[in-house]
Amino acid sequence: MNMPVNHDDFNGLVNASLKTNSRIIAEKFEKRHDNVQRDIRNLIEANPEWGVLNFEEATYVDAQNGQTYHMYELTRDGYSMLVMGFTGKKAMDWKIKFLAAFGAMEERLKRMAVLSGPQLMAAALIEADATMKAQAQQIEAMREDVQAHERLVKADGSINITEAAKNLGMRPKGLFDWLSQNGWIYKRPNSGTWLGYQPKCNQGLLEHKSTTVLRADGSEKITEQVRITAKGLSVLAKLIPPTATLVA
């Protein structure tokens with residue numbers, strides 16, 4: 001009685017190109033690989049035109065020594081012709097298993113290749129729907145960012161540089177240094193007061209706020225402070241992150 005044919009046994013016997021190879025045949029039929037290759041060469045020599053269509057030379061790398069060796073890949077017809085002369089109960093069992101593996105692989109490839117028009121359309125619609133949903137989420141996130149930016153740009157008022165630094169996640173000194181080095185603020189000679197460059201003020205990024213301070217002697221002193229507008233803070237949020245020194 002023959003061994004039962006289990007679908008799991010098909011794994012590794014036949015590849016997706018509907019071929020097996022001389023190494024697998026030698027292993028399963030318990031024959032020396034060189035003898036199997038010899039029989040294949042004899043079949044090719046007997047009918048070269050048919051032989052080259054059903055036996056293809058190939059190589060493999062031995063996992064134990066890393067050396068490259070020669071083998072053959074066989075079609076179903078090539079396999080059938082080769083094992084025709086193999087005898088014995090065990091040989092018959094493997095003949096059946098290999099043929100069943102060829103049949104199972106062929107059916108699998110047919111199922112993959114014969115999707116109907118509606119099935120293909122359904123698969124395409126599912127993929128398109130997933131893509132559109134992902135894009136919609138990205139657009140919504142971008143829209144929220146744009147709205148937040150627009151609200152910030154249109155907001156009234158201004159804040160001092162120390163407060164702006166907190167909003168940007170920086171140390172105040174880091175923001176003062178950046179603004180000074182990048183043409184936003186400056187100090188007059190012999191003055192400790194920061195002022196904004198006029199182009200930045202004209203663009204609505206900076207403004208100056210004058211404050212009257214009462215001295216101890218009763219006299220008044222007018223001080224001027226450069227401040228960053230909401231629009232300026234929005235612009236800085238885009239410019240500074242790559243080089244900002246974040247608060248620890």
Side-chain angles (χ1 to χ4, degrees), residues 1-139 141:
M1 184 175 180
N2 291 336
M3 294 167 56
V5 179
N6 188 308
H7 222 302
D8 293 338
D9 294 330
F10 301 162
N11 295 335
L13 299 183
V14 177
N15 62 31
S17 299
L18 276 178
K19 291 183 178 181
T20 187
N21 66 63
S22 55
R23 291 184 65 213
I24 295 175
I25 292 174
E27 175 190 350
K28 301 304 182 185
F29 286 90
E30 298 182 355
K31 295 183 177 293
R32 288 180 44 166
H33 188 212
D34 58 340
N35 289 338
V36 172
Q37 293 186 88
R38 178 203 61 204
D39 293 342
I40 291 173
R41 287 193 293 270
N42 290 337
L43 290 171
I44 296 173
E45 291 174 4
N47 193 326
E49 185 176 352
W50 182 89
V52 296
L53 293 176
N54 293 282
F55 302 105
E56 181 180 355
E57 293 188 21
T59 58
Y60 69 95
V61 177
D62 188 282
Q64 294 183 347
N65 58 26
Q67 297 296 312
T68 301
Y69 296 98
H70 179 272
M71 70 175 184
Y72 284 95
E73 290 192 336
L74 297 74
T75 64
R76 175 168 20 200
D77 289 344
Y79 159 80
S80 299
M81 185 64 70
L82 175 65
V83 303
M84 187 181 296
F86 294 176
T87 60
K89 178 186 177 301
K90 198 166 186 178
M92 179 59 71
D93 292 337
W94 280 109
K95 286 180 183 180
I96 294 173
K97 287 186 136 183
F98 269 90
L99 290 176
F102 274 108
M105 181 61 73
E106 187 175 43
E107 287 301 316
R108 184 184 304 172
L109 295 175
K110 284 181 180 178
R111 288 195 301 270
M112 294 172 60
V114 296
L115 282 176
S116 65
Q119 287 174 317
L120 288 174
M121 179 62 72
L125 288 174
I126 292 173
E127 183 175 355
D129 181 63
T131 301
M132 291 175 64
K133 286 180 179 178
Q135 291 176 342
Q137 291 176 347
Q138 293 177 347
I139 291 172

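All values below come from the heavy atoms of this structure, side chains included, with hydrogens, waters and symmetry mates left out.
Of the charged side-chain nitrogens involved, none lies within less than 4.0 Å of a carboxylate oxygen, so that Arg38 and Asp34 do not count as a salt-bridged pair.
The cationic group of Lys90 does not satisfy the cation-pi geometry with Phe29, failing either the under 6.0 Å distance to the six-membered ring centre or the 45° limit from the ring axis.
For the pair Lys28/Phe98, a side-chain contact is recorded, criterion being any heavy-atom separation below 4.5 Å from C-beta on. Between Glu56 and Tyr72, every side-chain heavy-atom pair lies at or beyond the 4.5 Å cut-off. Phe86 has its side chain out of reach of Met92: every pair of non-hydrogen atoms, C-beta onward, lies at least 4.5 Å apart. Counting heavy atoms from C-beta outward, Val36 and Leu82 have side chains that approach closer than 4.5 Å. Contact check for Tyr79 versus Val14: no side-chain heavy atoms found under the 4.5 Å cut-off. Side-chain atoms of Asp62 and Tyr69, non-hydrogen and from C-beta on, do get closer than 4.5 Å to each other.
Under the side chain to side chain contact (heavy atoms under 4.5 Å, CB included) test applied with Leu74, the options Val83, Leu43, Ile40, Asn54 reduce to a single match, Ile40.
Among all heavy-atom pairs drawn from Leu53 and Thr75, the shortest one is O-CG2, 3.7 Å. In this structure, Arg23 and Met71 approach most closely via the heavy-atom pair CD-SD, 3.8 Å.
Arg32 CZ: 12 or fewer foreign heavy atoms inside a 6.0 Å radius.
The structure places OG of Ser22 at 4.5 Å from CD of Gln37, a figure rounded to the nearest 0.5 Å. To the nearest 0.5 Å, atom NZ of residue Lys19 and atom CZ of residue Phe102 are 10.0 Å apart. Ile44 contributes atom CD1, which lies 12.5 Å from atom CE of Met81 (distance to the nearest 0.5 angstrom). Here Glu106 contributes atom CD and Arg76 contributes atom CZ; the two are 4.5 Å apart, rounded to the nearest 0.5 Å. To the nearest 0.5 angstrom, Glu73 atom CD is 7.0 Å from Ser17 atom OG. Note: Leu99 CG to Leu13 CG = 11.0 Å, rounded to the nearest 0.5 Å.
Listed for the Asn47 side chain is no donor-acceptor partner under 3.5 Å among the backbone atoms of Gly51.
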Residues Asp93, Lys89; criterion salt bridge (Lys or Arg N to Asp or Glu O under 4.0 Å); working and verdict: CA-CA 6 Å; Asp93 292 337; Lys89 178 186 177 301; 3.1 Å; yes
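With sequence neighbours left out, the ring-ring contact (aromatic ring centres under 6.0 Å, His included) criterion links Phe55 to Trp50.
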